[in-house]
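This report refers to the structure that appears directly beneath it.
Worth saying up front: this structure is predicted, and the values here are computed from it rather than measured.
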Amino acid sequence: MGYIGTFDGKIFHNPSNKFCVIVVKTADASVPVQARDKRRYKDNLIRFTAVGYEIPFTDTVELELEGEWVNSKYGMQLQVERWHEIVPKTRAGVFGYLSSGLIKGIGEKTAAEIVAKFGVDALDILEKHPERLMEVKGITENKLEDIRASYAESRMIRDIMVLLTPFKLTPNTALKIYEYFGPACMDILKRSPYELCQMPGFGFRRVDAIVRKTDDRPRDPMRVKGALHCTLSEAKGKQGHLFLERDVLCKAALKMLNEKAALPELRVPMEEVEKALEDLVLAGSVISAKDKIYHPAAFAQEDETACRIAKRLVVEKPLRMDIGAMIETIKAEQRLRTAEKQESAVRTAFRHDLSIITGSPGTGKTTVLKIILEIYHRFYADRKIVLMAPTGRASRRMAESTGFDGACTLHKGLGLVSEEKEGGYAGKSDLLEADLVIVDEFSMVDMWLANNFFTALKKEAKVILVGDPDQLPSVGAGNVFKELIQCGLVPVTVLDEIFRQAKDSRIAHNAKLIQSGNTKLYYGDDFQLVPCSSQPDAASVLIERYCQEIERNGIEHVQLLSPFRTEGAASSNHLNAAIREIVNPFRSTEDEVQVGSKTFRVGDRIMQTKNTDQVSNGDLGFIRYIKDTPEGKRIGLDFGENRSLEYGAEDLVNLDLAYATTIHKAMGSEYDIVLMPILKAHHIMLYRNLLYTGVTRAKRRVILVGEKSVLCMAVHRNETSKRNTILGERIRLYHKAFAKVAEVVAPVVQKKEWKAAG
């Protein structure tokens, strides 16, 4: 149903996705009584609340809003699905619209000039003959381009939203569609909405269910291609595969196409799937490499990364310094004791331009890095050193442990946002001005990030990768760290001796036992197993122990980790809600703010979920205050280490409660005390690498709550699912090719050098 009214005030606005809550005033008596504002106004108009996306905040035009009335915790609201402005066909109405700020490049002065020149026909000129706006004083070619782009984009986004009304798009998603398909997107989507399956977030089932309501052609070639695209995307997003074998892809797509086909004649035959795949290959929409099918971006990432790594490995530089003597000097000065493999790791790092150091907690990786940094600084005082890690917490921990200040996240160091934001391709960052680059927690790096990293390195830079291959693999696609280790060409030093204070740590010893599949773990004060079998019982124990631990040690030193985020009483979301009501109960509405389905209170422990200039995804902090200002609510956040920020309510969408979090989300972090459920209900997630990752997040104490049989099962259960990536194979192929070229080129170069020397 449609309602005509005028904007009367803003309640909430999220600039990141354009979601807004506004008050609308109208004379329309059909507005339900229960939706009307109970207060009386001098103009005698009805006020109601409307929620939607990118609704204009201006009263210079009337708005026609279409949608459904929905009951929410804030009362009845109009859920707006479509809207458009009604501009009065008067000079004042046209001026009001043009000067409202809705069109970039047109302010009040320019709007007045346009109306003075074209009168009530100004909007027709803007729509059909925008070049005539240059007849107006002050509108240059550049300014006209801004006006045209802003007007065309807003109109195109609105047209997309109208065309795809059944999908209930946000303007942010419509903008992504526009950016993905370009100016021809309306023609493309009218011809086949299945093209949406190429985009993240548009699963085949969602598109198919809506399209077939109005156009039921199960064997439409575009539908078959949509299923193929979707199968590849799901394999990348859910299983971390960079490619699928041709027959696996076709079978999976066929199953998807026919899973709801009631009659045999409605089923799509395999030959049509194979034909559609051939068409996609010929069109360049997918890449086929020896029957391995990739999206073009995934293929480019793997291939380019392999090529750059192989180039680094071909050229070996002679070691021009006495590393052994320098190691002994630094050991004496800093009173360090080192194992043979630690010293070997230092020598290897200086002998090669790319090397890897691995080892479980307590094996001395930090000591090795300290020695490398000290030696490098003494020999090359004028050269730049950069330390990086995938998460903010890991980079800061790296800086603290090595005593080196210049540590940052990979995203910040490379100038990146996310794969979706960057379009999937590397090469958009400038070269990294660093001569020595050390990256910790490299097992968390996916193929997209690795491609950006190796693209940004200077040719002569020395690179040291540090990590633990037995932890969970990267969240994104690929398995870069393991592929580098297993390719056999990158020099790898494995630190496997537990020493110093770690000798007495059951955590370090049990981590090695878990790593090797040994269930005979050591138990004591720093590694406990509290018997429990059901999720509700385990949740009660976890909450009780959590409260005890934070009372003794402080909330910032204790973290609850769960294999699951949403399922069951022992999942992180449920534990967060329950713990918050105990440690930070409701006090007043002034100390609370609601954003969508999330509620935050002063005193809440929170986690940042998106990278920004000030904080990184995974950073933990606290809400210190909530205050009302003329611009809306402002929320004060404390992320520690003198990082105090103030957010608007719209920024809170990038926060989660963090009394508990998932093991995956805790990757790259360390906590003094970790509590973790180990239950049969979580068996689908309980593998050795997940258990190992959870246990190794703790520095002082691990408290497991669950069943010993489930713990043993997890230790024995080595994850067998292999990610489809052939990065190592590609590195070997490129290395072989570059080595052959080097054999031919080297004598020629040497001959030239002899001649130059006389």
Side-chain angles (χ1 to χ4, degrees), residues 3 5-26 31-32 34-39 41 45-85 100-102 154 157-158 161 168-176 586 588-602 604 606-610 612 623-637 645-657:
Y3 297 88
T6 308
F7 172 80
D8 192 52
K10 178 179 72 172
I11 297 174
F12 174 76
H13 178 229
N14 182 347
S16 64
N17 67 1
K18 314 298 185 191
F19 177 77
C20 58
V21 182
I22 67 168
V23 177
V24 179
K25 59 184 179 183
T26 181
V31 172
Q34 57 268 47
R36 302 179 187 184
D37 190 330
K38 301 298 185 289
R39 288 169 289 186
Y41 295 85
L45 293 176
I46 297 165
R47 264 73 172 177
F48 66 88
T49 303
V51 299
Y53 292 88
E54 211 172 31
I55 306 173
F57 302 149
T58 176
D59 59 3
T60 60
V61 297
E62 284 193 302
L63 299 171
E64 184 172 1
L65 308 171
E66 295 182 38
E68 295 180 359
W69 293 104
V70 176
N71 276 310
S72 75
K73 63 189 294 184
Y74 302 105
M76 184 172 277
Q77 302 172 329
L78 183 67
Q79 197 91 42
V80 179
E81 295 176 357
R82 290 183 298 278
W83 60 267
H84 68 271
E85 316 103 324
S100 65
L102 296 174
S154 65
I157 289 170
R158 199 171 314 164
M161 293 182 71
K168 299 188 184 300
L169 300 182
T170 66
N172 199 34
T173 303
L175 178 60
K176 286 181 180 178
F586 174 80
S588 70
T589 54
E590 288 77 15
D591 284 344
E592 196 168 272
V593 62
Q594 177 98 17
V595 181
S597 61
K598 299 177 182 179
T599 302
F600 296 101
R601 294 174 187 159
V602 173
D604 272 342
I606 46 85
M607 176 184 282
Q608 178 79 11
T609 60
K610 184 178 180 181
T612 70
I623 295 178
R624 296 306 187 196
Y625 63 80
I626 297 172
K627 64 183 180 182
D628 288 305
T629 70
E631 292 77 35
K633 285 190 180 293
R634 305 297 295 173
I635 297 89
L637 303 171
L645 305 176
E646 190 172 86
Y647 278 8
E650 63 274 9
D651 300 313
L652 298 185
V653 295
N654 298 322
L655 295 182
D656 278 337
L657 291 178

Single hit among Q77, Q79, M76 for side chain to side chain contact (heavy atoms under 4.5 Å, CB included) with V70: Q79
Approximate separation, where rounding is to 0.5 Å, of T599 OG1 and F586 CZ: 10.5 Å
With T589 via side chain to side chain donor-acceptor pair (under 3.5 Å) - residues at least two apart: none
Separation of D8 CG from I22 CD1 (nearest 0.5 Å): 9.5 Å
Backbone of V23 reached by a side-chain donor or acceptor of R47 within 3.5 Å: no
Heavy-atom donor-acceptor pair, T609 side chain to N654 backbone, under 3.5 Å: yes
Exam field: side chain K598 to backbone V653, donor-acceptor pair closer than 3.5 Å: yes
Exam field: side chain D37 to backbone R39, donor-acceptor pair closer than 3.5 Å: yes
W83 side chain reached by I55 side chain, heavy atoms, under 4.5 Å: yes
Distance, nearest 0.5 Å, that separates CG of L655 from CD of Q608: 5.5 Å
Test applied, side chain to side chain contact (heavy atoms under 4.5 Å, CB included); reference residue, I626; option that passes from R601, K633, R634, E590: K633
Closest contact, heavy atoms only, F7 versus P56: CD1-O, 3.9 Å
Separation between CZ of F600 and CD1 of I635, rounded to the nearest 0.5 Å: 9.5 Å
